[in-house]
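Encoded as structure tokens, the structure appears first; notes follow it.
Atoms within each ligand, like the ligands themselves, are counted from 1 in listed order.
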Amino acid sequence: MSDDWNDYAEGWDGNSDVRRYADQAFAALDALAGITGGGWQEKRVLDFGCGTGLLSGKLAPHVREVVAADTSDRMIAMLKGKALSNVKALHTDILDGSAAREGLTGFDLICASSVCSFLPDYPGAAALLAGLLNSGGMFVQWDWLDRGAGSSGLTAQQVREALRDAGLGAIRVEQAFEMESRGQTMPVLMGSGLRAAP
Ligand SMILES: C[S@@+](CC[C@H](N)C(=O)[O-])C[C@H]1O[C@@H](n2cnc3c(N)ncnc32)[C@H](O)[C@@H]1O
């Protein structure tokens, strides 16, 4: 398996597992935050590690703007090719500290779908991203559940601690759904928290 996400960009949307993951993540988010209920039309969203924008595309009809950011230029090129009207696709590394300088702040919702467990400093990333939220804004992540014995992903405790250390409140960490792949059942954790008023 390549560790360069660019190598997966072209075939990403053609992978039914990847599409199903995005479908289930969006359904879990909708159940949590009522995205499709009509109350999000003026909200700004950051899809951090957006890939080809599978989640961005589901969010876009229900919000004012989705900023979709990824460090893979080929993933971003695939997303730009979709020409989604209120999705701003950015090839950038938000974690390098430039986000606030570039105006990438003031979000009502930040999503990270299958991104956090791949980051070298997940707790640091959670803290930085929490700082880009408006008061009352929500951070939500989905990651494979680390079940030990060499499996990759995050434990519920790692997520709970990172979100707490990021200063978020109303933290929820739960198994949101499962994926079946090559005869294996792989649970997916959803972690969420709210930025409190200053
Ligand atoms: C497993 S893919 C998930 C893509 C997309 N969220 C989805 O669910 O289809 C992980 C993505 O995270 C991106 N990524 C990794 N590190 C990143 C970082 N520091 N900032 C932004 N994106 C990053 C990769 O380029 C890749 O597109």
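Scanning both residues, Gly51 and Leu79, for their nearest heavy atoms gives O-CB, 4.3 Å.
At a 4.0 Å heavy-atom cut-off, ligand 1 touches Cys50 through the backbone alone. Within the 4.0 Å heavy-atom criterion, neither part of Thr52 lies near ligand 1.
Protein heavy atom at the shortest distance from atom 9 (O) of ligand 1 is Trp12 NE1, 2.9 Å. Of the protein's heavy atoms, Thr71 OG1, 3.9 Å lies nearest to atom 15 (C) of ligand 1. Looking only at heavy atoms of the protein, atom 27 (O) of ligand 1 is closest to Asp70 OD2, 2.7 Å.
Residue contact check for ligand 1: Ile94 places no non-hydrogen atom closer than 4.0 Å to it. The closest approach between a heavy atom of Phe48 and any atom of ligand 1 is below 4.0 Å.
Set against the non-hydrogen atoms of Gly51, the atoms of ligand 1 under 4.0 Å away are 4 (C), 5 (C), 27 (O). Near Met75, the atoms of ligand 1 lying under 4.0 angstrom from a non-hydrogen atom of the residue are 27 (O). For ligand 1, the atoms lying closer than 4.0 Å to a non-hydrogen atom of Ser113 are 3 (C), 5 (C), 6 (N), 8 (O).
Applying the ring-ring contact (aromatic ring centres under 6.0 Å, His included) test to pairs two or more places apart or on separate chains, none has a residue in residues 26-71.
Put simply, the side chain of Lys80 reaches to within 4.5 Å of the side chain of Ile76, judged on heavy atoms.
Other residues, nucleotides and ligands contribute at most 12 non-hydrogen atoms within 6.0 Å of the CD atom of Gln157. For Lys58, the NZ atom sits in a packed shell: over 12 heavy atoms of surrounding residues, nucleotides or ligands are nearer than 6.0 Å.
Donor-acceptor pairing under 3.5 Å is lacking for the side chains of Asp146 and Thr155. Between the side chains of Thr52 and Asp13, a donor-acceptor pair is found at a separation under 3.5 Å. Side chains of Glu178 and Thr185: a donor-acceptor N/O pair is absent below 3.5 angstrom, by distance only.
One option in Gly49, Ser114, Ala69 has a heavy atom closer to atom 10 (C) of ligand 1 than any other, and that option is Ser114.
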